[in-house]
Trainee: 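Submitted below is the structure of interest, expressed as structure tokens.
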Protein chains: 2
Amino acid sequence: MDSYDVMPGHLVRRLQQAAVAIFQAEVARAGYDMTPVQYAALTAVRVNPGIDQATLAGLIAYDRTTITGVVDRLAQKGFLTRKPSKTDRRARILQVTESGHKALREIQPAVEQAQHIMLRGLDDAESQEFMRLLAKTVGAVNELSRAPLKAI
Amino acid sequence: MDSYDVMPGHLVRRLQQAAVAIFQAEVARAGYDMTPVQYAALTAVRVNPGIDQATLAGLIAYDRTTITGVVDRLAQKGFLTRKPSKTDRRARILQVTESGHKALREIQPAVEQAQHIMLRGLDDAESQEFMRLLAKTVGAVNELSRAPLKAI
DNA sequence: TTCTATTGCTCAGTATACTGATTATCAGTA
DNA sequence: TACTGATAATCAGTATACTGAGCAATAGAA
């Protein structure tokens, strides 16, 4: 195991870095400045309007301390609002703004293109198999990270 | 593409996070505090004694600004030395110390165990196929990240 | 109802990654 | 040799991720 090029951890790190770079480049071409992390968070809020930060973190498998900054930046860009909950004064309720909906609509093609570029080394059958194995692998280690995915 | 669980970028991010957590946990059981990034750098220096930072960065696909901090911390722990090159006064020559060699030897089993745990959701055939597809995918997007891998 | 445990959020500190800039040095050319 | 472009390393600033701690509020048990 001397050679890091055959180590899954090392390859995953490199793929993750390429994926982020590809995503940002494609989204920039659509005229937006948004990270993959911000995009996932904003999308999750759109699907679950009125969600609180902790539940959002579980939905997309983010650490709870990370989500604070992500939401901060999305709010600062005017893409979502953060208001205190009326039923639980600890919680902050999130909503996507008009501007946020517009951004999501307009970067949608860029996001799909980014996923496509990321898998450009594989043919259709390989892509499908890769995604299957990737999902299976992630599912099996979900509980081992500090921020496991928690379905609602 | 509303659902981030089918997006490769999102799954890769989650796997990367789990991989880091697994690595650190296993290495901690061996009595060491070392990140996967530091381990890869130290291993690369061991294989290529006297390498300079820029070449090291290319070998393991790290950004050149990232490598500065990584080498800093490894040097601070006493695992490697950084001396000015005699032939190129811009460059810093890296060498693994005795303590560094000892650390690499002692955490070796933990590293292998971490890779095994990371793939625990797959059987042997699937693991092999997953690694093949992962390597192929990474190879095809290598040039799209700021820090592409550059073989010596 | 009161006490305890838990939960939602935030903060301080550390470690990757990256953008973009600077400094010192080197290499190749006119 | 003087100049130009490239390179090695670093720095400032931003954005994830995480550890560990803290505060306010809630929920469940005695």
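When reading the values below, keep in mind they use all heavy atoms of this one structure, side chains included, and skip hydrogens, waters and symmetry mates.
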Trainee: Can you find a heavy atom in the side chain of I93(B) that is under 4.5 Å from one in the side chain of I51(B)?
Mentor: no
Trainee: May I have the distance from L56(B) (atom CG) to dT7(D) (atom P), rounded to whole angstrom?
Mentor: 18 Å
Trainee: Contact class for V70(A) (heavy atom, under 4.0 Å): base, sugar-phosphate, or nothing?
Mentor: sugar-phosphate
Trainee: Return the nearest nucleotide to the side chain of A147(A); candidates are dC18(D), dT16(D), dA17(C).
Mentor: dC18(D)
Trainee: I'd like a table of donor-acceptor pairs (distance under 3.5 Å, sequence neighbours excluded) in which one partner is a side-chain atom from residues 143-152 of chain B, with atom names and distances.
Mentor:
{"unit_1": "R146(B)", "atom_1": "NE", "unit_2": "D63(B)", "atom_2": "OD2", "d": "2.3"}
{"unit_1": "R146(B)", "atom_1": "NH2", "unit_2": "D63(B)", "atom_2": "OD1", "d": "3.2"}
{"unit_1": "R146(B)", "atom_1": "NH2", "unit_2": "D63(B)", "atom_2": "OD2", "d": "3.4"}

Trainee: How long is the line joining CZ of F23(B) and P of dT16(C), in whole Å?
Mentor: 11 Å
Trainee: Quick one: side chains of residues 71-80 of chain A, donor-acceptor pairs under 3.5 Å with protein atoms, not counting sequence neighbours, listed by atom name and distance.
Mentor:
{"unit_1": "D72(A)", "atom_1": "OD1", "unit_2": "R82(A)", "atom_2": "NH1", "d": "3.4"}
{"unit_1": "D72(A)", "atom_1": "OD1", "unit_2": "R82(A)", "atom_2": "NH2", "d": "2.3"}
{"unit_1": "K77(A)", "atom_1": "NZ", "unit_2": "D33(A)", "atom_2": "O", "d": "2.7"}
{"unit_1": "K77(A)", "atom_1": "NZ", "unit_2": "Q38(A)", "atom_2": "OE1", "d": "2.7"}

Trainee: If we ignore angles and hydrogens, is there a donor and acceptor under 3.5 Å between the side chains of T55(B) and D52(B)?
Mentor: yes
Trainee: Whether Q38(B) contacts dT16(C) is assessed here as follows: a side-chain N or O lying under 4.0 Å from the phosphate OP1 or OP2. Is that the case?
Mentor: yes
Trainee: Taking protein heavy atoms under 4.0 Å as touching, what does nucleotides 2-10 of chain C look like 5' to 3' if B marks base contact, S marks sugar-phosphate-only contact and - marks none?
Mentor: -----BSBB
Trainee: Hey, are R132(A) and E126(B) close enough for a salt bridge, meaning a charged N less than 4.0 Å from a carboxylate O?
Mentor: yes
Trainee: Sort out the partner of dA30(C) for me: Watson-Crick or G-U wobble, both distances under 3.5 Å, none otherwise.
Mentor: dT1(D)
Trainee: State plainly whether the residues E106(A) and K102(A) are in salt-bridge range, i.e. N to O under 4.0 Å.
Mentor: yes
Trainee: If I take atom CZ in residue R73(A) and atom C1' in nucleotide dA17(D), what distance separates them, rounded to the nearest angstrom?
Mentor: 11 Å
Trainee: In whole angstrom, what separates Q24(B)'s CD from dG20(D)'s P?
Mentor: 11 Å
Trainee: In whole angstroms, how far is the P atom of dA15(D) from the CZ atom of R13(B)?
Mentor: 17 Å
Trainee: Could you state the OH-C1' distance from Y39(A) to dT16(D), rounded to the nearest angstrom?
Mentor: 19 Å
Trainee: Using atom CG of L144(A) as one end and atom P of dC18(D) as the other, report the distance to the nearest whole Å.
Mentor: 12 Å
Trainee: Mind calculating the distance between CG (D63(A)) and P (dG20(D)) to the nearest angstrom?
Mentor: 12 Å
Trainee: Could you please spell out the steps behind the side chain to side chain contact (heavy atoms under 4.5 Å, CB included) verdict for Q95(A) and V45(A)?
Mentor: CA-CA 6 Å; Q95(A) 300 278 355; V45(A) 175; 5.6 Å; no
